[in-house]
Amino acid sequence: MPVNDRATLATHPLRAFVSHLSILSEVFGYSQFRGPQQAIIEHVSAGGDALVLMPTGGGKSLCYQLPAIASHRAGRGAAVVISPLIALMHDQVGALHEAGVDAEFLNSTQNGEEAHAIEQRLLRGEIALLYAAPERVTTPRFLALLDSLHARGLLSLFAIDEVHCVSQWGHDFRPEYRALTVLHERFASVPRIALTATADAITRADIVERLQLEEARTFISSFDRPNIRYRIVEKSDSTAQLLRFIEREHPQEAGVVYCQSRRKVENIADVLAQAGIRALPYHAGLDAHVRQNNQNRFLREDGVVMVATIAFGMGIDKPDVRFVAHLDMPKNIEGYYQETGRAGRDGLAADAWMCYGLQDVVNQRRMIDESPAADEFKAVLRGKLDALLGLAEASDCRRVRLLAYFGQDSAPCGNCDNCLEPPAMWDASKPAQMLLSTIYRIDRQSGMRFGAGHLMDILRGKATDKITQHGHRSLSTFGLGAEFSEAQLRGVLRQLLAMGAVRVDADAFNTLALTDQSRAVLRGDVVVQLRQSTAKPPRSIGAGSPPKNKSTGTPLTPIALSEDALARFNDLKAWRAEVAREHNLPAYVIFHDATLASIANRAPQSIEDLQGISGMGVKKLEAYASEVLRVVRASG
Ligand code: ADP
Ligand code: ZN
C-alpha cells in the first residue's frame, strides 16, 4: 500500500508537528520527544506503516498513543492496540484514563453487556484507543466490528505491540500473532505500527515477512541501556549467592529472579521469604488468581521480589525494578536482553546479575538436542545458545558483545563486571587436552562415555568406586590434573562446550563426547583461554562510584533530595499510595517517583509552580494539583 493513498489522513506537516508537541505536553506532561519518537509519530500520522525496535523503557507506547489521540481529536475514531497481555490491560487503560484519554479494552474479563457498551461507544467515535489480545482481534465478531468502524471512517491505526511474538525465532512465540495478517488484507488503508523491544536480524526479517510489513519503514533505536550494570558470576552455591546479592546490594528493593523450573521458583521464593525478603512466586502452573494477585502485589507494593519463570514479565512496565537476577541461563541473548531489560526502566541505576555454571550449559544443550524440532531449526537454536555462552564466558566488555549481537558497534562501557574488574586470564590448554584425551582413551578402551563428574574425578586422581569398577586407574591421564581444582576443571569443560570442542550426548545420560573441533585443541592449534575463577565478588563491584548516563550526563543514582525535600517526597509518596489504592492502580501510574521528586524539590505554593513539571499533564494537574499543594504545605 503506497503511502500516498493514505494522504487524506495527513495534515500539513508543520501543523501536525505543533499539534503533536502540544499533545505531548498537554496529555503526558513531557516537553520533548525522545529519540526517534517524533519521526515515528509523524510517519504513522501521515499514513505510513512502521516497524519500531526500541529498548524497554525507550518510550514505545507514546509512538502509537500520540497518533491515536491526534486522530481521535480529528474525528477519525480509534486506534486498535493489539497486546498479548490481558492481565495488564486494566492497568494500561487505567494509566490512559489518568491522563484523560478515552481508552478501553475488550477481553474475556468482561461480560457481554459491558463489551456491547464499549462497541457502541466505538461506533459513536467516542474512544481513542482500544486494547485487545490477538486471539480476540481475529474472531469473526471482532472483524465485523472493525468492518463497521472502517466503513464509518472510525478506524485510525493498528498498533501491534510485542510483535516479536509472531516469530518462532523470538523468545515468546505466539501462534495467534500469525493470524494478524488479516488486518493488512482486510484493511489495507489503515496504517500499522509494529513494536518490539528486541529482535535480532533473523527475528526482524521474520516479523516483516510474517506480517507483510515489507513497505513499513523500520526505526531502530540504540539497544543500549546504560543504566543497567551487567554481571555474570560463576555458580557455586547459587541460592546463597543470590541471598548475598540481594541482602548486600538491594535490600528492600523491587526485583525479579528468573529460574528455569516451576519447582525451583517455589523453592527459591520460600528461601528468600524465610530470609525476610518479600518474595512471591510466579509461574504458569500457579492458579490464575494467585498469579494475578502476586503480579498485582509486585506492581502495587514497594520492594517485592518476584521469583518467576519466563512466563512473567512481558509488558510489565513497573519503572523502579532495581535488579533482575538469573539463577539459570536463558536460552539465548534475546531472552537475556529482554528479561534483564525489565530492570531500571526509570533510567536510574539497576543490576542485571546472572549466576551460571557447567550444568546450565549441559541442560540447555540437552534441551535443544532432545527437542523434536527439525535439524536446521536446532542448528539455529544452537547458534543462538553459543552466542549467549560467548557472552557468559567473555573476558571483555559484556555490553559491547550484547550490542554487537544486535548489530550495534560500541566501546567498552565502564559499567559491567569485566570493565569494572578486568578478569585475570590463564592458559587452560593443558587441562583441556587432558580432559579431551581422557574422553578419547575411554572411548577407545571400552566404547563407553561418561559425564563431567567422573571425568574430573579421573583427572584429579580420586579413587571412587566408579573408577575402580571401570578400571580407570590404569588410564594414563589418571591423576594427571591433580593440580587443578574442580572449579577450574568445570570452567575448562564449560569453555570446551562453549567452543563446541566437546558435546553432551543427551541420549546417553548427558555423557560427554568428542567433536570435529576437539582435534584442534588436542593438537594445540587453538589456545583455551579461561578467566580465573572468582569465588568471591570483587569489592569494587556493587559499591564503586555511581554511573552516569553517557548521553545526558545525569547520575543514574536514585534521586538526591535535601532533608526538607525528602520529607515532602515521603509525604507525597504516602498520599500517592492512597490515591493508587482508591483507583486500584499501581502508584507509578498516578505519578512517577521522578515527578514526585521534582515537586518535592520545587516546593510549589501555587498551581503555576506546578506547571512544566515533567509528568504533570493537564488532566493530572486538574485532578491532583490542590491535593499536591495541600500535602506540600502540610509537610511544612
Ligand atoms: P517502552 O514501552 O518502550 O518500554 P514506555 O512507553 O513504557 O516504554 O516508556 C517508558 C517511560 O518513559 C514511561 O514512563 C514514559 O512515560 C516515559 N516517556 C516516554 N516518552 C517520554 C518523553 N518524550 N519524555 C519523557 N518521558 C517519556
Ligand atoms: Zn563493559
Side-chain angles (χ1 to χ4, degrees), residues 20-21 23-25 27-41 52-66 81 83 85 88 91-92 95-96 98-99 101 159 161-163 193-198 219-232 313-321 337-338 341-348 352 391 394-404 410-423 541 544 547 550 552 554 586-595 598 612-617 620:
H20 291 154
L21 202 59
I23 293 174
L24 182 71
S25 109
V27 177
F28 298 95
Y30 299 139
S31 57
Q32 284 177 323
F33 286 109
R34 231 194 233 165
Q37 277 178 336
Q38 186 186 327
I40 295 166
I41 290 166
V52 174
L53 304 139
M54 204 187 260
T56 306
K60 280 184 289 302
S61 349
L62 222 87
C63 298
Y64 57 83
Q65 288 171 349
L66 208 146
V81 183
S83 152
L85 310 156
L88 293 167
D91 288 0
Q92 287 170 334
L96 285 164
E98 286 293 321
V101 179
D161 207 3
E162 313 284 358
V163 69
I193 174 170
L195 311 100
T196 174
T198 171
F219 294 87
I220 305 180
S221 307
S222 163
F223 276 86
D224 191 14
R225 301 284 313 279
N227 58 316
I228 297 182
R229 178 173 291 187
Y230 297 100
R231 289 154 64 185
I232 301 178
M314 185 160 50
I316 292 290
D317 57 0
K318 185 176 171 61
D320 58 350
V321 175
Y337 178 78
Q338 183 87 342
R342 290 167 187 148
R345 286 171 85 108
D346 53 10
L348 302 176
L391 177 74
S395 54
D396 50 2
C397 177
R398 310 262 192 211
R399 194 178 314 266
V400 165
R401 284 186 176 245
L402 203 52
L403 295 178
S410 63
C413 72
N415 193 27
C416 73
D417 50 1
N418 288 348
C419 281
L420 290 165
E421 192 85 11
I541 291 186
K550 273 189 291 189
T552 62
T554 48
Y588 58 84
V589 163
I590 311 297
F591 284 121
H592 278 189
D593 281 1
T595 304
S598 303
I613 284 184
S614 181
M616 184 69 90
K620 290 190 178 174

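Atoms within a ligand are numbered from 1 in the order they appear, just like the ligands themselves. Count residues from 1 along the sequence. In this text, all values refer to a predicted model and were calculated from it rather than measured experimentally.
Taking distance alone, with nitrogen or oxygen atoms compared against 3.5 Å, Arg345 approaches ligand 1 more closely than that limit. Ligand 1 has a nitrogen or oxygen under 3.5 angstrom from a nitrogen or oxygen of Gly57. Inclusion of Asp317 in the set of residues having an N or O under 3.5 Å from an N or O of ligand 1 is not warranted.
Ligand 1 is approached by Pro55 to a heavy-atom distance shorter than 4.0 Å. Between Met54 and ligand 1 there is no heavy-atom distance shorter than 4.0 Å.
The protein heavy-atom contact nearest to atom 8 (O) of ligand 1 is Gly59 N, 3.2 Å. For atom 23 (N) of ligand 1, the nearest protein heavy atom (residue, atom name, distance) is Gln32 O, 2.8 Å. What sits closest to atom 13 (C) of ligand 1 on the protein, heavy atoms only, is His592 CE1, 4.0 Å. At the shortest separation from atom 20 (N) of ligand 1 among protein heavy atoms lies Gln37 NE2, 2.9 Å. Among all non-hydrogen protein atoms, the one lying nearest atom 12 (O) of ligand 1 is Arg34 NH1, 3.2 Å. Looking only at protein heavy atoms, the nearest one to atom 5 (P) of ligand 1 is Ser61 OG, 3.5 Å.
Met54 and Lys60 make their closest contact through O-NZ, 3.0 Å (heavy atoms, listed as atom of the first residue, atom of the second, distance). Closest of all the heavy-atom pairs between Val163 and Ala194 is CG2-CB, 3.8 Å.
Contact atoms of ligand 1 toward Thr56: 4 (O) (distance under 4.0 Å to a heavy atom of the residue).
Ion pair Asp317/Arg345 not flagged as a salt bridge, since none of the NZ, NE, NH1 or NH2 atoms sits closer than 4.0 Å to an Asp/Glu carboxylate oxygen.
With rounding to the nearest 0.5 angstrom, the OG1 atom of Thr56 is 8.0 Å from the CD1 atom of Ile228. Note that CG of Leu66 is 12.0 Å distant from OH of Tyr30, once rounded to the nearest 0.5 Å. Rounding to the nearest 0.5 angstrom, the gap separating the SG atom in Cys397 from the CG atom in Leu403 is 8.0 Å. Between atom CZ of residue Arg225 and atom OH of residue Tyr230 there is a gap of 6.5 Å, rounded to the nearest 0.5 Å. Once rounded to the nearest 0.5 Å, the distance linking CD of Gln65 with CG of Leu24 reads 11.0 Å. Of the inter-residue distances, the one linking Cys413 atom SG with Leu402 atom CG reads 9.5 Å to the nearest 0.5 angstrom.
Considering only heavy atoms from C-beta on, Leu85 comes within 4.5 Å of Glu162 through its side chain.
In this view, Arg398 and Asp417 satisfy the salt bridge (charged side-chain N to carboxylate O under 4.0 Å, His left out) rule, not counting sequence neighbours.
Protein N/O/S atoms found under 2.8 Å from the Zn ion (ligand 2), listed by chain and residue number: Cys397 SG, Cys413 SG, Cys416 SG, Cys419 SG.
For the pair Tyr64 (side chain) and Leu195 (backbone), a donor-acceptor distance under 3.5 Å is absent.
Residue Tyr30 holds the heavy atom nearest to atom 25 (C) of ligand 1 of all those in Tyr30, Phe28, Phe33.
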